[in-house]
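Single-structure report; data block below.
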Amino acid sequence: ERGLIRDAGVLTWLARWRGVAGSVRVGEYRLSPSQTPGEILTQLIEGRVATYPVSIPEGFTATMIADRLDQEGLVDAEAFVAAANDPTFAAELGIDAPRLEGYLFPDTYSLPKGLSARQVAALMVEQFKQVYRELAPKAKERGLSMHDVVTLASIVEKETGAPEERPLIASVFANRMARGMRLESDPTTIYGIPDFDGNLRRQHLLDVHNPYNTYVISGLPPGPISNPGRDALRAVVEPAQTDYLYFVARGDGTHVFSRTYREHVNAVNEFQRRRARR
């Protein structure tokens, strides 16, 4: 119908002669009139469908990933969120967690149209597994489960926009946990606040009903708060060797790290004053 071949009967005969008449794969194809009928038939049989690149940034949540896929016309957002939050599906994929949050690996994917939300989620989980295999021995050495690594990496990912700081941020959390100190992370607390309006208040920090509120709970939150990339995962299993226990944002995406609470208070006061002068 699009004028790609002169005679439909010739293509049908060729498919029967090759014994592949029932093997054409459904999908969206990029074809050209310059192709011979044989070349077109081979492409349809091999399923070389059109694909579309989509980039999933590090630190995106499952909901953010769903929205990005929906915007690209690849997957329905609601269907993807439902798949990501289905504990049965997570178990089918070999993930020992009630949800896929944290295991949807951020990367650039080339996806054909027509895949289901579950198929796309499964691709992302498989990519995560491939990356994690090389980090698993280090995690075992540190006594961390895969879920521990992913959860902590998701926090590291949200705490800094400076890639070089990830091992330092990871070291702070590792040091705090080793001393039995709470993580006291704003991003975890925010993750557990429904319909967060962008203003973290004191009442949020005191909320004992928020399971992600690391200002009141000890140790790690129940699960990841974002989907971390390779560098954040590596930072958790290979953190910098420091005695830092605190950090405060400079306001430019980087942080000042402190060993003592007094140093931390001084740093907080300094950068609060700087922000007040602006």
Side-chain angles (χ1 to χ4, degrees), residues 55-65 68 84-85 90 93-109 121 123-178 181-192 211-214 217-242 244-247 249 253-255 257:
S55 294
I56 307 300
E58 297 161 336
F60 260 33
T61 64
T63 299
M64 295 166 72
I65 293 174
R68 173 65 61 87
N85 290 332
L93 296 178
I95 299 300
D96 187 18
R99 300 185 300 161
L100 294 180
E101 187 81 277
Y103 300 91
L104 302 166
F105 193 74
D107 205 342
T108 296
Y109 296 89
L123 284 172
M124 294 181 173
V125 171
E126 182 57 35
Q127 185 70 0
F128 161 79
K129 289 180 178 179
Q130 290 183 19
V131 170
Y132 188 77
R133 285 190 192 103
E134 65 185 63
L135 303 177
K138 288 284 186 179
K140 187 175 181 180
E141 288 177 15
R142 298 187 63 82
L144 297 171
S145 69
M146 182 170 71
H147 196 62
D148 290 340
V149 171
V150 177
T151 299
L152 190 50
S154 74
I155 302 172
V156 170
E157 199 74 84
K158 282 294 193 181
E159 284 284 7
T160 182
E164 68 277 7
E165 283 193 348
R166 290 179 181 129
L168 292 171
I169 296 287
S171 77
V172 170
F173 289 134
N175 291 340
R176 291 180 73 89
M177 291 174 65
M181 300 171 67
R182 296 188 179 95
L183 297 186
E184 297 185 355
S185 167
D186 288 356
T188 65
T189 306
I190 290 169
Y191 185 82
Y212 289 86
N213 183 3
T214 50
I217 68 168
S218 298
L220 293 169
I225 63 169
S226 71
N227 292 276
R230 184 191 305 267
D231 290 342
L233 291 165
R234 185 176 295 280
V236 169
V237 300
E238 297 178 352
Q241 298 302 304
T242 76
Y244 293 140
L245 293 172
Y246 307 91
F247 57 87
T254 65
H255 297 79
F257 295 85

Note to self: If you compare all heavy atoms of I155 against all heavy atoms of S185, which two are closest, and at what distance to 0.1 Å?
What the structure shows: CG2-OG, 3.6 Å
Notebook entry, point to check: So, S154 side chain and T151 main chain: donor-acceptor pair closer than 3.5 Å or not?
Noted result: yes
Item checked: Result of checking D107, V150, L93 against F128 for side-chain contact (heavy atoms from CB on, under 4.5 Å) -> V150
Check: For the residue pair A139 and Y132, what are the closest heavy atoms and their distance?
Finding: CB-OH, 3.5 Å
Item checked: Flag, side chain of T188 to backbone of Y212, donor-acceptor distance under 3.5 Å -> yes
Checklist line | Which atom of P228 lies closest to which atom of P106, heavy atoms considered | finding: O-CD, 3.3 Å
Note to self: Treating E157 as the side-chain partner and S226 as the backbone partner, does any N or O pair qualify as donor plus acceptor under 3.5 Å?
What the structure shows: no
Note to self: Tell me the closest heavy-atom pair linking I217 and L220, and the distance in Å.
What the structure shows: CD1-O, 4.0 Å
Next item on the list: Measure from the side-chain N and O atoms of R68 to the backbone N and O of S55, and report whether any donor-acceptor pair falls under 3.5 Å.
Entry: yes
Checklist line | Backbone of F60 reached by a side-chain donor or acceptor of N227 within 3.5 Å | finding: yes
Note to self: Would the distance check show the side chain of N175 and the main-chain N or O of T242 forming a donor-acceptor pair, the cut-off being under 3.5 Å?
What the structure shows: yes
Checklist line | For T61 against I225, the heavy-atom pair lying closest together | finding: CG2-O, 3.6 Å
Check: Just checking, R176 and Y244: is the charged tip under 6.0 Å from the six-membered ring centre and within 45° of the axis?
Finding: no
Next item on the list: Apply the test side-chain contact (heavy atoms from CB on, under 4.5 Å) to residues L144 and V236: give CA-CA distance (whole Å), side-chain angles for both, the deciding distance (0.1 Å), then the verdict.
Entry: CA-CA 9 Å; L144 297 171; V236 169; 4.0 Å; yes
Next item on the list: Say whether, by atom type as modelled, one donor and one acceptor occur between the side chain of E101 and the main chain of A62 under 3.5 angstrom.
Entry: yes
Checklist line | Geometric class of the H147/Y103 ring pair [parallel <30°, tilted 30-60°, perpendicular >60°] | finding: parallel
Item checked: Shortest non-hydrogen contact from A170 toward A235 -> CB-O, 3.4 Å
